[in-house]
Amino acid sequence: MDYQYPFGQVVHPLRQQDRTPKKVFVLGVYASAVHARWKRDGKTVCTALAVASEPRIFWDGNIEEAKEIISSISIPKEKVLDEHILGTLGYTRKDAWLCDLLPETRLNSGQVKVITERYNPLIEQYGLNKVTIPERPTVFCDAKRCEEILQELKESQAKLLVLLGDIPIAQFLNYVADVPYKSLQEYVDLYGYGKATTATIDGHAINVLPLAHPRQIGALGAHSEKWNRLHQEWEGNLKE
């Protein structure tokens with residue numbers, strides 16, 4: 001089934017395109033979307049409405065690509081993955097294999113509210129399509145998907161696995177490795193924030209580095225000041 005965004009764009013899965021060997025494997029939760037500012041009769045109806053799949057996984061908000069997708073896009077001021085994770089570790093995107101537990105976008109509670117209150121009442125009047133994207137689930141990764149990600153990890157040949165937030169730890173790492181933690185907080189309690197440790201995955205040792213979710217790192221919307229502060233301290237220490 002093809003899921004549809006507001007105004008008719010179809011949801012596309014986002015997967016790693018460059019399949020050459022990489023130095024680092026970054027695992028997030030689920031694919032994001034291009035968000036646009038929606039105006040009607042000169043007034044802003046919604047400051048950020050999901051309207052299309054991103055052109056690439058962990059898209060950097062390239063303005064020319066954004067213009068091709070839609071005329072008015074809210075572009076984040078900072079590229080969290082590039083500047084605050086990969087760059088801090090001494091890598092670029094060319095060094096990284098990017099992956100999400102769920103390679104398609106889903107609707108968070110904020111998007112559901114906007115669509116329900118602002119978009120749906122206009123469907124009949126303007127002949128708009130119904131939005132069919134499912135809401136954000138609790139489980140993003142089943143056993144089959146874990147095996148697919150494991151195969152990607154092996155194909156990448158990466159020596160470092162970066163996990164973004166609690167969910168990749170609980171729903172992937174705990175499935176493929178025997179580690180004494182199930183959340184980022186438990187990891188930090190054991191080893192400290194930003195310190196890589198070794199885990200055995202599929203019979204091979206790999207360095208594992210759990211970090212905060214990009215939302216926390218970049219202070220994007222509702223976020224945890226604690227994780228934002230810990231990540232900033234980690235960045236500062238590495239750059240000294």
Side-chain angles (χ1 to χ4, degrees), residues 14-32 54-63 65 75-101 103 149-169 172-173 176-177 179 181 183-202 204-220 223-240:
L14 300 181
R15 304 181 190 276
Q16 177 73 12
Q17 296 174 348
D18 176 5
R19 314 289 287 199
T20 57
K22 302 299 178 187
K23 297 177 181 179
V24 57
F25 190 100
V26 180
L27 182 60
V29 182
Y30 66 108
S32 187
E54 293 186 335
R56 291 180 304 282
I57 185 171
F58 287 95
W59 184 49
D60 59 4
N62 180 280
I63 189 64
E65 290 179 316
I75 301 297
K77 294 181 179 179
E78 296 182 317
K79 303 170 185 178
V80 174
L81 177 68
D82 299 63
E83 296 182 6
H84 298 288
I85 297 176
L86 296 177
T88 301
L89 291 168
Y91 299 126
T92 67
R93 282 195 174 229
K94 292 182 179 180
D95 300 315
W97 188 295
L98 308 179
C99 185
D100 281 312
L101 296 176
I149 295 169
L150 178 58
Q151 292 307 310
E152 283 195 47
L153 179 59
K154 292 165 65 176
E155 185 180 349
S156 76
Q157 301 180 36
K159 303 301 182 184
L160 176 63
L161 170 62
V162 174
L163 304 166
L164 302 179
D166 291 329
I167 297 176
I169 297 173
F172 174 72
L173 186 64
V176 299
V179 294
Y181 52 90
S183 68
L184 179 58
Q185 183 61 66
E186 290 182 8
Y187 184 91
V188 171
D189 290 342
L190 289 169
Y191 309 110
Y193 185 85
K195 295 183 179 179
T197 57
T198 302
T200 300
I201 299 178
D202 197 39
H204 300 281
I206 186 171
N207 291 324
V208 177
L209 179 60
L211 294 174
H213 189 277
R215 182 181 64 256
Q216 319 296 354
I217 295 171
L220 305 174
H223 65 279
S224 164
E225 292 185 5
K226 168 191 169 181
W227 292 120
N228 179 266
R229 173 181 54 80
L230 284 174
H231 192 88
Q232 287 186 20
E233 291 174 355
W234 172 70
E235 283 191 84
N237 290 334
L238 287 185
K239 291 176 181 179
E240 287 180 354

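Considering every non-hydrogen atom in both Leu98 and Arg93, the closest pair reads CD1-NH1, 3.8 Å. Closest approach of Gly194 to Leu211, counting heavy atoms only: CA-CD2, 4.1 Å. Scanning both residues, Tyr193 and Leu184, for their nearest heavy atoms gives CE1-CD2, 4.4 Å. Of all non-hydrogen atoms in Ile149 and Asp100, the two that sit nearest each other are CD1-O, 4.2 Å. For the residue pair Val29 and Pro168, the shortest heavy atom distance occurs at CG2-CD, 3.9 Å. When every heavy atom of Glu155 is checked against every heavy atom of Arg19, the shortest pair comes out as OE1-NH2, 3.2 Å.
With a 4.5 Å cut-off on side-chain heavy atoms, Trp234 and Thr88 count as touching. When side chains are defined from C-beta on, Ile85 counts as touching Leu164, because their heavy atoms get closer than 4.5 Å. Using a 4.5 Å heavy-atom threshold, the side chains of Lys23 and Leu160 count as separate. Put simply, the side chain of Tyr187 reaches to within 4.5 Å of the side chain of Thr197, judged on heavy atoms. Ile206 places a side-chain heavy atom less than 4.5 Å from the side chain of Leu153. Considering only heavy atoms from C-beta on, His213 stays 4.5 Å or farther from Trp227 through its side chain. You'll find the side chain of Arg229 reaches within 4.5 Å of the side chain of Glu233, heavy atoms only. At least one side-chain heavy atom of Leu89 sits less than 4.5 Å from a side-chain heavy atom of Val162.
When only modelled atom types and interatomic distance are considered, Gln216 and Ser224 share no side-chain donor-acceptor pair under 3.5 Å. If you check the side chains of Ser156 and Lys154, you find no donor sitting under 3.5 Å from an acceptor. There is a side-chain donor-acceptor pair under 3.5 Å between Asn228 and Gln232.
Between Tyr181 and Tyr191, the angle of the ring planes goes over 60°, which puts this pair in the perpendicular group of the 30/60° scheme.
Atom-to-atom distance recorded for Ile217:CD1 and Leu81:CG is 8.5 Å, nearest 0.5 angstrom. We find the OH-CG distance between Tyr30 and Leu14 to be 13.0 Å, quoted to the nearest 0.5 Å.
Under a 3.5 Å cut-off, the side chain of Asp95 and the backbone N or O of Thr92 do form a donor-acceptor pair.
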